[in-house]
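All remarks here apply to the structure that follows.
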Amino acid sequence: MRIVLLGPPGSGKGTQATLLVKQLGIPHISTGALLRDAAKRGTELGLQAKALSDKGELVPDDVIAGMLEERLGNDDVRNGFILDGYPRNLAQAESLTILLERLDQPVDEAILVDIEPHHILRRIAKRAQEEGRSDDTEETVRNRLRVYANQTAPVADYYAERGLLTKVLGDGSIEEIFQRILSILNLGEASS
Ligand code: AMP
């Protein structure tokens, strides 16, 4: 199963992706995590990306596309994957469609974790304490939310127009949201 997880920063989609990985046994591909890993290793690409991420800006499409294509070339994605943090704008959505068509692995489901802004700020404050991410400062978060509204929110419409989008209510406990996602995938308690 090939799943695209969409949602604003702090929507909890990373946490949900981790739970889905355990349930489905397919890899979690997070472009943000790939970039943070590159920055930690001190690669030129990673350090350039970090300068943008720390301001809440998107990294250029071609940088991410190259990284993602390499990751999708690994054998472990043969049975599917959970994509988290990509696509982030319409150009990325279009290039993903083209790339996955070429690999004969089209997206099966796009799931939007839908959440109110006040929940987001609370969750990000919690994550900032727990993980110490350098892009979880207040000013950066504000910018990330702006970038999300302007550039990433239209990606949900892109998948809706193709009949691939389902929205999940993003408030409630991690487990409640997870159960909602499983039922979309026909894997919920009621359907198993
Ligand atoms: P995330 O972990 O998904 O919240 O991503 C953290 C940061 O990495 C973002 O704020 C961007 O600066 C960068 N990033 C991650 N994915 C992408 C992407 N698909 N396109 C551009 N920038 C990205």
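Note that ligands are numbered from 1 as they come in the structure, with each ligand's atoms numbered from 1 the same way. A quick note: this is a predicted structure, and the numbers were derived from the prediction, not measured.
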Less than 3.5 Å apart, N/O on ligand 1 and N/O on the protein: could you list those pairs with the distances?
| from | atom 1 | to | atom 2 | distance (Å) |
| --- | --- | --- | --- | --- |
| ligand 1 | 2 (O) | Arg36 | NH1 | 2.9 |
| ligand 1 | 2 (O) | Arg36 | NH2 | 3.2 |
| ligand 1 | 3 (O) | Arg88 | NH1 | 2.9 |
| ligand 1 | 3 (O) | Arg88 | NH2 | 3.3 |
| ligand 1 | 4 (O) | Arg88 | NH2 | 3.4 |
| ligand 1 | 4 (O) | Arg133 | NH2 | 3.3 |
| ligand 1 | 5 (O) | Arg88 | NH2 | 3.2 |
| ligand 1 | 8 (O) | Ser53 | OG | 3.4 |
| ligand 1 | 12 (O) | Ser53 | OG | 3.0 |
| ligand 1 | 12 (O) | Glu57 | O | 2.6 |
| ligand 1 | 16 (N) | Thr31 | OG1 | 2.8 |
| ligand 1 | 16 (N) | Gly85 | O | 3.3 |
| ligand 1 | 16 (N) | Arg88 | NH1 | 3.3 |
| ligand 1 | 19 (N) | Gly85 | O | 2.9 |
| ligand 1 | 19 (N) | Gln92 | OE1 | 3.0 |
| ligand 1 | 20 (N) | Gln92 | NE2 | 2.9 |
| ligand 1 | 22 (N) | Val59 | N | 3.0 |

request  = Could you state whether Ile3 and Ile29 fall into the same hydrophobic cluster, counting links through intermediate Ile, Leu, Val, Met, Phe, Trp or Tyr residues with side-chain heavy atoms under 4.5 angstrom apart?
outcome  = no

Partners meeting side-chain hydrogen bond (donor to acceptor under 3.5 Å, both in side chains) with Arg71 (sequence neighbours left out) = Asp76

key: With sequence neighbours excluded, residues passing side-chain contact (heavy atoms from CB on, under 4.5 Å) with Ile120   = Pro8, Ile115, Ile124, Leu145

message = Check for me, please, whether Leu165 and Met1 land in the same ILVMFWY cluster - side-chain distances under 4.5 Å, paths through other members count.
response = no

request  = Check side-chain contact (heavy atoms from CB on, under 4.5 Å) between Asn79 and all other residues, then give those that pass, not counting sequence neighbours.
outcome  = Ile26

inquiry  = Does this structure show an ion pair linking Asp136 with Arg144, if we count only N-O contacts that are shorter than 4.0 Å?
reply    = yes

